[in-house]
Amino acid sequence: MAERYDFTAVEQKWQKYWDEHNTFVATEDRSKKKFYALVEFPYPSGAGMHVGHIKAYSGLEVVSRKRRLEGYNVMFPIGFDAYGLPTENTAIKTGVHPRQVTDNNIVKFSSQLKRVGFSFDWTRVVDTTQEDYYKWTQWIFLKLYENGLVFRDKTLVNYCPSCKVVLSNEDSQGGKCDICHSDIVQKDKEVWYLRITEYADKLLEGLKDVDYLPNIKLQQENWIGKSTGAFVNFSLKENDEKLRIYTTRPDTLYGVTFMVIAPEHPIIEKYRDSIANIDALDAYKEECAKKSEFERTQLVKDKTGVKIEGLTAINPITEKEIPVYVADYVMMGYGTGAIMAVPAHDTRDYDFAKKFGIDIIEVIKGGDISKEAYTGDGEMVNSGVLNGITNKKDAIEKMLEFLGEKGIGEKGVQYKMKDWAFNRQRYWGEPIPIVHCPECGIVPVPYDELPLTLPPVDNFQPGSDGESPLAKIDSFVNCKCPKCGHDAKRETDTMPQWAGSSWYFLRYCDPKNTEALASKEALDYWMPVDWYNGGMEHVTRHLIYSRFWHKFLYDIGAVNTEEPYAKRTAQGLILGPDGEKMSKSRGNTIDPNDVVDNYGADVLRLYVLFMGDYEQAAPWNDSSMKGCKRFLDRVWNLQDKVTDGEGFSKELTSLMHRTIKKVTEDIEAMKFNTAIAAMMGLLNEIDKAGKITREEYRALIMLLNPFAPHITEELYQVMNYGGVLNEQSWPTYEEALCAESTIEIAVQVNGKIKAKLNIPAAAEQDEVLKLAKADSEVAAAIDGKNIVKEIYVKGRLVNIVVK
RNA sequence: GCGGAUGUGGUGGAAUUGGCAGACACGUCAGACUUAGGAUCUGAUGCCAACGCGUGCAGGUUCAAGUCCUGUCAUCCGCACCA
């Protein structure tokens, strides 16, 4: 009898072996075919690893191990995205420096990752908070600056009064701070922006050439939110001002009966002296500013607004005078902050017009505008030159032409995506390498002074007005202007957490390079990433930011591929045993360490892949995991059934070849659950047969290896196959042997199953039908009836239709 | 409101893309071995006493529908007054 499997000892033994033998270190042998597998590097939080991390990494872990056995030079790196607020908050709370907190957490994470036996290349670890790393983050920033993609603007920003930081739109969705969930307020602030909108079209176009899951592409497209329409200039009656608007429906221009501008629209300030009800407008503006973005978007139904007394617009087509309103359903941040309102064909304008008693003019036939706005297509009416056109596209085109001739408008494109607010008033981030000089203005830090290091501080409490803690460090702030030598001050804001993760995949290619972010040779060989897997929550922000940086680096010749990731997939969440999202507050979290202690790393790895479709969310279930434990134990105990004599029957051999085929294909399709199920099914049949040859056993062990590497390496050694498993080759199957010689088919009469039939797989229709009709049940069912139709689906079923 | 996804036994989930619904696993029941069983092994297990009925619900197409079409309900996740 085989000894009982001691998973703790065996797992430690092989982890040590892999470590000592550099088993998973990617080689620099560039004659070999490469495979670059990337998983999202973790934020090293104090809570340690989560089972979600295990699932996220296990997918490409299996693919990577398989690829190595297939002869690829695999790079499967790991690192730490270590800048960020939680660490800083821990530091504030405990008084331990963020550097120390980060280092402790990284040590903790590393040992946890190693315990699971992931085949990461530990020689390439990157840590975004190390000087030799963020030097290049700053370098990219300076390059962006040099190329006009960094600008400074004073605008209303999302400000979190609790965290005391300015947040991007992405970090403050729903009007709540992404970190502490407090309500966001709008605040005037001078901030740094990256001109990501400049790359909007390239980011959209690039999606055509990459292999991302369709819903990931869709989310990115929606995020970028390209729309085509027209800019139209409306004249004002009282002065020479042009009120410029953006519309996607220039075809409805004849139906414009009023205009609406955002409360923050500059025209109000400009003409405040000629506005009779300026007090009312000021009051309204203040009221709007107090509303959080959340409130502002919740009260969708109830439109508010104030008519401007003293500014009247002129519809450039009809030349009729129309009123101008201020209302907060128009946003300053999209388009021009002003709209032409077509109440007959836009539900928002309709609601507003009804409430304020404004004219509603139908210009598209098909609805009943006395009841509601009609947003469908139809024949143009009341529309001068457009009358009679029934096609929206034609109407738009005609109107654009008309606007062009009259010089009052032109075709335009807008994006929902906004420029990237690129600074935080926090300590634990990359310093922005900029100097403010009273003489020269904004001056970039020279490249040879990089990295601009984060000064050591004891107090990282943010300033009361949202200033960075760095502002309090005189030795950091005070400097000489690199350009004129005059006394100057450093920028004290730091970069957002997205910065470090926007290029880490490049650094993995050449992590120790001191001359460049990575050598050209390394990038030529490794890039692009062949397969990137991560969470669905990162497919817009992180994925778009990093694609933006990469495309920029491509444009300045720093990298050699237009797109960073050839393929992107996403895993589903692991839910708590109660089916709810895992969270500390719900108390339904599972600690991977406990699982490794009690069941072993192989069981943990196997279970997170077996629990359901990889891309789908699935609840954790302890007892279900035991099935995986049993399976591995049974594979171990199969040793006792190894025979020197005859092995598998013909049928079982066929099943094994089919299993090899299935596992091989399922891994590529991320159908890990069915791959494991197939191996379980094979084991069940082997157990029934009660015997297995050494070679057959070897194939099973190889097949299982990517999923459960420790037990399979051990078995390989125990069985004396020679060498170590990870230096062997992935098992192959013979297509001819996959075919079964006899198969069972169903016999239906009028679609109802009457019998099952075992027939030779090669049997032809006539033969099968003859056999089918010979069955007593079938014969009874068709007796005395007319056979209308006979269908034979090869290898599946027979259906006899009778009347 | 818009967009996306999902809905299958007591549970997690499978189903050559229109061809035997429920693979695999959990759980449950029975048996074996045991001082013992929360270990292991063997067998049974969609529902119904049965004719039969069964993939959220109602229709439709088809010899044949979990899969296609039309409508509808529910849940989850994004986005949200985007002009």
Side-chain angles (χ1 to χ4, degrees), chain A residues 4 173-174 214-216 218-219 221-223 225-227 229-230 245-250 252 259-260 262 293-294 296-303 327-331 333-342 346-349 351-352 414-418 536-537 539-540 572-573 575 579-581 607 610-613 615-628 630-631 633-634 637 662 671 673-684 687-688 744-753 755-757 788-802:
Chain A
R4 209 188 133 93
Q173 291 173 44
N215 55 335
I216 295 178
L218 194 71
Q219 276 204 31
E221 280 165 16
N222 289 343
W223 190 265
K226 181 176 182 170
S227 86
I245 61 98
Y246 175 73
T247 179
T248 54
R249 298 297 303 272
T252 61
M259 301 190 72
V260 185
E293 193 185 342
F294 185 68
R296 202 160 152 173
T297 55
Q298 279 307 293
L299 302 167
V300 175
K301 292 277 169 272
D302 194 23
K303 296 272 181 294
D328 65 356
Y329 82 90
V330 172
M331 305 288 156
Y334 184 80
T336 62
I339 63 156
M340 60 177 220
V342 187
D346 181 286
T347 49
R348 293 153 303 174
D349 297 346
D351 293 344
F352 194 86
Q414 280 291 302
Y415 300 92
K416 288 183 197 171
M417 186 169 70
K418 298 188 175 113
M536 225 30 221
E537 69 277 18
V539 306
T540 45
L573 288 177
L575 305 172
E580 300 285 322
K581 201 170 166 174
Y607 177 58
F610 180 65
M611 62 196 298
D613 186 318
E615 288 165 23
Q616 227 56 52
W620 185 271
N621 183 320
D622 262 325
S623 59
S624 190
M625 181 173 56
K626 283 181 197 154
C628 293
R630 277 182 205 150
F631 169 64
D633 285 342
R634 285 171 63 204
N637 292 331
K662 178 144 185 71
K671 298 278 175 210
N673 54 338
T674 50
I676 294 165
M679 289 187 281
M680 287 173 167
L682 176 64
L683 176 67
N684 289 345
D687 264 348
K688 268 185 213 156
E744 191 190 62
I745 63 159
V747 182
Q748 301 177 331
V749 175
N750 285 349
K752 299 267 184 208
I753 290 167
K756 305 230 170 163
L757 221 54
V788 182
K789 208 172 189 179
E790 292 171 332
I791 295 143
Y792 173 53
V793 183
K794 202 163 176 165
R796 310 237 115 220
L797 55 65
V798 168
N799 190 9
I800 301 169
V801 185
V802 294

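Predicted, not measured: the structure shown is a model, and the values here were computed from it. Order of the sequence lines fixes the chain letters, A, B, ..., with proteins taken first and strands second; residue numbering starts at 1 for each chain.
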message: Any salt bridge linking Lys671(A) with Asp613(A)? Criterion: basic side-chain nitrogen under 4.0 Å from a carboxylate oxygen.
response: yes
First encountered from the 5' end of RNA chain B, between Gly335(A) and Ala618(A): Ala618(A)
Nucleotide paired to rG27(B) in any strand shown, Watson-Crick or G-U, under 3.5 Å: rU45(B)
query: Do Asp349(A) and Tyr329(A) have side-chain N/O donor and acceptor atoms under 3.5 Å apart?
result: yes
field: Pairing nucleotide - rA15(B), Watson-Crick or G-U, each distance under 3.5 Å
entry: none
- prompt: Of the candidate nucleotides rG13(B), rA14(B), rA25(B), which contains the atom at the shortest distance from the side chain of Met680(A)?
  reply: rA25(B)
Atom-pair distance (CG on Asn673(A); P on rA14(B)), nearest Å: 5 Å
query: Taking the same atom, P, in rC68(B) and in rG52(B), what whole-Å distance lies between them?
result: 30 Å
- line: Comparing nearest nucleotides in RNA chain B, the 5'-proximal residue of the pair Gln219(A), Thr247(A) is Gln219(A)
message: If the glycosidic angle sits within 90 degrees of zero it is syn, else anti. Tell me which applies to rG9(B).
response: syn
query: Expressed as a whole number of Å, how far does the C1' atom of rG19(B) sit from that of rA64(B)?
result: 7 Å
task: In whole angstrom, give me the gap between the P atoms of rC57(B) and rA74(B).
output: 15 Å
task: Respond yes when some side-chain nitrogen or oxygen of Arg796(A) is under 4.0 Å from OP1 or OP2 of rC63(B), and no when none is.
output: no
field: Any-strand Watson-Crick or G-U partner of rA39(B), both distances under 3.5 Å
entry: none
field: Euclidean distance for P, rU67(B) against rA15(B) (whole angstrom)
entry: 16 Å
query: Counting only side-chain N and O atoms of Arg249(A), is one of them less than 4.0 Å from OP1 or OP2 of rA83(B)?
result: no
- prompt: What distance, rounded to whole Å, do you find between the two P atoms, one in rG38(B) and one in rG27(B)?
  reply: 12 Å
task: Find the partner of rG78(B): check Watson-Crick (N1-N3 plus N6-O4 or O6-N4) and G-U wobble (N1-O2, O6-N3) distances, both under 3.5 Å, and reply none if neither fits.
output: rC2(B)
field: Nucleotide rG43(B), atom P - distance to NZ of Lys688(A) in whole Å
entry: 7 Å
task: Once you apply the 3.5 Å cut-off to both distances, tell me the Watson-Crick or G-U wobble partner of rG59(B), or none.
output: rC69(B)
field: For rU34(B), the Watson-Crick or wobble partner whose two distances fall under 3.5 Å
entry: none
- line: Between CD1 of Ile753(A) and P of rA64(B) the distance, given in whole Å, is 14 Å
- request: Rounded to whole angstrom, note down the P distance from rC53(B) over to rA21(B).
  value: 13 Å
message: Distance check, C1' atoms only: rG9(B) and rG3(B), in whole angstrom units.
response: 33 Å
message: Taking only the C1' atom of each, what is the distance from rU62(B) to rG22(B) in whole angstrom?
response: 24 Å
query: So does Lys626(A) reach the base of rC26(B) with its side chain, donor to acceptor, closer than 3.5 Å?
result: no
message: As a test of the definition: with a 90° window around 0 for syn, would you call rU72(B) syn or anti?
response: anti
